[in-house]
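Below you'll find the structure, written out as structure tokens, and then a few comments.
Note that the structure is predicted; figures quoted are calculated from it, not measured.
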Amino acid sequence: MSRRPAPAIAWKPFFDDANVASARLRAFVPCRYMKEAGWRCEIFEPKNAGSYELVIFQKAYDEKSIALAESLRGRGAKTVFDLCDNHFYNPDNLPELRERAERLGRMIRAVDTVSVSTPELAKWIDGGAVVIDDAIDLPRSNAVRGALQRLQERLRNIRSSRPLRLVWYGGAGSENPPFGLIDLPRAFPHLEALNAQTPIELTVISNSEELFRKYVAKVSFPARYFEWRLDTFAQIFRRQDVCIIPVAVNPFTACKTNNRLVLSLLMGVPVIADPIPSYEEFRDFVLFSDWPNSLRTYAAHPELRRQHVRAGQRYLQSKYNKQRVVSQWSALFEQMLGPERGRA
């Protein structure tokens, strides 16, 4: 008896653009990994909608996506809604965020299963959710660039009088709910104090120069802005000495993933951060809070920075690897489609 063909599976990201972090880490990269692992996957194509047996709506819950999910489910296809941000949180009870949360609830009711990026976010989903980590998307660098970076590191050790290079990176965020660049000024008093003893400079890599000017313009130390681009990020980021991630913890930021901390360590840059639940497992390789002491410690001890990076990289490479992504998504696919309907 011939085996049925492998099921056709599609990711439908809200932003059909791999430059958008959430789409890249929760749709484009997992789709590529799953195809390489033998699953029949693609990014959603409207012309193929009738052939899909499973569709993952990655943060897509506009009216058209809700209607499509209901239509797919009506004809017997399986549907998943994948969420990586707490879009229920509305601290000032804004009407537009109330409408968004209502629409989000309708989408959740329209699908068979919900997947989320963190256990903390799963607590906000009535009926529960499957937790699937962000994929790790390490920007590639060739051997020549790696050799140059090692040379630059040696030169940095020799030129100890140069400023300590601090970096903040990520989506610019918003004021409601508050996250992103709005959190950066929390660290400024400590950075100003450090700068009085040890010269520093700050690099911000983000997607809003306007918000950079709003929140960062008045610091006394040198600060510069780079627009986040997939093709330039690695080159800029790897020149930095320490990544800083100040976070005002609230129901939105508490649900955030570990991807900024993880990517920084994998790219060789140690981290000082305010702890959120997804960061806790990295306590052995990250300095948490206590900003005055943490900044002074890393400024004075470059070898400790290197030790933390090396230990963090070993841990991450053993746990947060491509196989973990494939394993988590495969388990969900098999749960929904049946273990016999597997890979090609």
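- Side-chain contact of E120 with S278: a donor-acceptor pair under 3.5 Å is absent, judged by distance alone.
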message: The test is side-chain contact (heavy atoms from CB on, under 4.5 Å); show your working for C243 and M267 and say whether it passes.
response: CA-CA 11 Å; C243 177; M267 294 183 71; over 6 Å; no

- request: Check the pair F252, Y89 against ring-ring contact (aromatic ring centres under 6.0 Å, His included), reporting the backbone distance first and the verdict last.
  value: CA-CA 6 Å; F252 187 86; Y89 182 53; 7.2 Å; no

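- To the nearest 0.5 Å, atom CG of residue L54 and atom CH2 of residue W11 are 8.0 Å apart.
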Determine whether V130 and T113 satisfy the following criterion, side-chain contact (heavy atoms from CB on, under 4.5 Å), listing intermediate values before the conclusion. CA-CA 8 Å; V130 177; T113 300; 4.1 Å; yes

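- K319 and E281 are joined by a salt bridge, as a carboxylate oxygen and a charged side-chain nitrogen come within less than 4.0 angstrom of each other.
- When only modelled atom types and interatomic distance are considered, W228 and N19 share no side-chain donor-acceptor pair under 3.5 Å.
- Under the 4.5 Å side-chain criterion, counting only non-hydrogen atoms from C-beta, V116 is not in contact with I132.
- Without hydrogens or angle criteria, D241 side chain to R165 main chain gives a donor-acceptor distance under 3.5 Å.
- Using a distance-only test at 3.5 Å, with no hydrogens or angles considered, no donor-acceptor pair links the side chain of S264 to the main chain of L261.
- Side-chain contact annotation: S65 with D62, donor-acceptor N/O pair under 3.5 Å present.
- Here F44 and F57 keep their ring centres 6.0 angstrom or further from each other.
- The shortest non-hydrogen separation linking Y52 to V55 is CB-CG2, 3.7 Å.
- Side-chain contact between E209 and F226: absent, with no pair of heavy atoms (C-beta onward) separated by less than 4.5 Å.
- Put simply, the side chain of N86 gets close to the backbone of F88: a donor and an acceptor are under 3.5 Å apart.
- Side-chain atoms of S294 do not come within 3.5 Å of backbone N or O of L287 as any donor-acceptor pair.
- Although no hydrogens or angles enter the test, the distance criterion places a donor-acceptor pair under 3.5 Å between the side chain of Q240 and the main chain of I236.
- No path of Ile, Leu, Val, Met, Phe, Trp and Tyr side chains, each step under 4.5 Å between heavy atoms, connects V242 with V271, placing them in separate hydrophobic clusters.
- In the hydrophobic clustering of this structure, I136 groups with Y279; members are Ile, Leu, Val, Met, Phe, Trp, Tyr whose side-chain heavy atoms approach within less than 4.5 Å, directly or through other members.
- Under the 3.5 Å distance criterion, with hydrogens and angles disregarded, no donor-acceptor pair is assigned to the side chains of N176 and S174.
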For H308 and V286, what are the C-alpha separation, side-chain angles and deciding distance, and is it a side-chain contact (heavy atoms from CB on, under 4.5 Å)? CA-CA 7 Å; H308 280 177; V286 171; over 6 Å; no

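- In this structure, Y169 and L263 have side chains that are in contact, with non-hydrogen atoms separated by less than 4.5 Å.
- Looking only at side-chain heavy atoms (C-beta outward), C255 and W124 come within less than 4.5 Å of each other.
- Transitive grouping of hydrophobic side chains (ILVMFWY, heavy atoms separated by less than 4.5 Å) keeps F282 and L25 in distinct clusters.
- Remark: side-chain polar atoms of T297 are paired, donor with acceptor, to backbone N or O of N293 under 3.5 angstrom.
- A heavy-atom distance below 4.5 Å is not found between the side chains of Y215 and L184.
- Heavy-atom contacts from other residues, nucleotides or ligands closer than 6.0 Å to CG of D126 number 12 or fewer.
- Nearest heavy-atom pair, R73 versus V111, reported as atom, atom and distance to 0.1 Å: NH1-O, 3.2 Å.
- Between L181 and S206, the shortest heavy-atom distance links the atoms CD1-OG, 4.1 Å.
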Could you give me the CA-CA distance, side-chain angles and deciding distance for D85 and K256, then say whether salt bridge (charged side-chain N to carboxylate O under 4.0 Å, His left out) is met?
CA-CA 7 Å; D85 280 315; K256 283 288 189 180; 2.8 Å; yes

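- Geometrically, R324 engages Y320 in a cation-pi contact defined by less than 6.0 Å to the ring centre and at most 45° from the axis.
- For the atom pair CG of D274 and CZ of R186, the computed distance is 5.0 Å after rounding to the nearest 0.5 Å.
- When only modelled atom types and interatomic distance are considered, D134 and S117 share no side-chain donor-acceptor pair under 3.5 Å.
- When only modelled atom types and interatomic distance are considered, Y225 and E227 share a side-chain donor-acceptor pair under 3.5 Å.
- Nearest heavy atom pair, residue A69 against residue T79, reads O-CG2, 4.0 Å.
- Using modelled atom types, no side-chain atom of S115 and backbone atom of V131 make a donor-acceptor pair closer than 3.5 Å.
- Residues S330 and M34 approach most closely at OG-CE, 3.3 Å, considering heavy atoms.
- Considering only heavy atoms from C-beta on, K59 stays 4.5 Å or farther from D82 through its side chain.
- Ionic pairing of E96 and R100 is not present here: no N-O contact between side-chain nitrogen and carboxylate oxygen is shorter than 4.0 angstrom.
- With respect to R109 and E70, no salt bridge is recorded, no charged nitrogen being found less than 4.0 Å from a carboxylate O.
- A distance of 4.5 Å separates CD1 of I200 from CG of N195, quoted to the nearest 0.5 Å.
- In terms of modelled atom types and a separation under 3.5 Å, the side chain of E192 and the main chain of S220 share a donor-acceptor contact.
- The closest side-chain heavy-atom distance from I272 to L166 is not below 4.5 Å.
- Distance check, rounded to the nearest 0.5 Å: CE of M107 to CD of E102 gives 13.5 Å.
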Test salt bridge (charged side-chain N to carboxylate O under 4.0 Å, His left out) applied to E63 and R106, step by step: CA-CA 10 Å; E63 293 294 345; R106 287 169 52 209; 2.8 Å; yes

- [ ] Report the C-alpha distance between R213 and E210 in whole Å, list the side-chain angles of each, state the deciding distance to 0.1 Å, and finish with yes or no for salt bridge (charged side-chain N to carboxylate O under 4.0 Å, His left out).
- [x] CA-CA 5 Å; R213 294 187 184 283; E210 178 184 359; over 6 Å; no

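- Here W39 and F333 bring their ring centres to under 6.0 angstrom of each other.
- A donor-acceptor contact shorter than 3.5 Å is absent between the side chain of R224 and the backbone of T203.
- Here the NZ-CG distance, from K78 to L332, works out to 11.5 Å after rounding to the nearest 0.5 Å.
- Salt-bridge annotation for K322 and E36: present, with a side-chain N of the basic residue lying under 4.0 Å from a carboxylate O of the acidic one.
- Using a 4.0 Å cut-off between charged side-chain N and carboxylate O, R98 and D92 make no salt bridge.
- Of the inter-residue distances, the one linking I245 atom CD1 with N258 atom CG reads 10.0 Å to the nearest 0.5 angstrom.
- A continuous path of hydrophobic side-chain contacts links W291 to L194 [ILVMFWY only; heavy atoms under 4.5 Å].
- With a 4.5 Å cut-off on side-chain heavy atoms, P177 and L97 count as touching.
- Ionic pairing of E303 and R306 is present here: one or more N-O contacts between side-chain nitrogen and carboxylate oxygen are shorter than 4.0 angstrom.
- For the pair Q58 (side chain) and K12 (backbone), a donor-acceptor distance under 3.5 Å is absent.
- A salt bridge links E175 to K214: at least one charged side-chain nitrogen sits closer than 4.0 Å to a carboxylate oxygen.
- When every heavy atom of N321 is checked against every heavy atom of S318, the shortest pair comes out as ND2-O, 3.6 Å.
- A single hydrophobic cluster is seen to contain both F288 and L265, as judged by linkage of ILVMFWY side chains at heavy-atom distances under 4.5 Å, directly or through other members.
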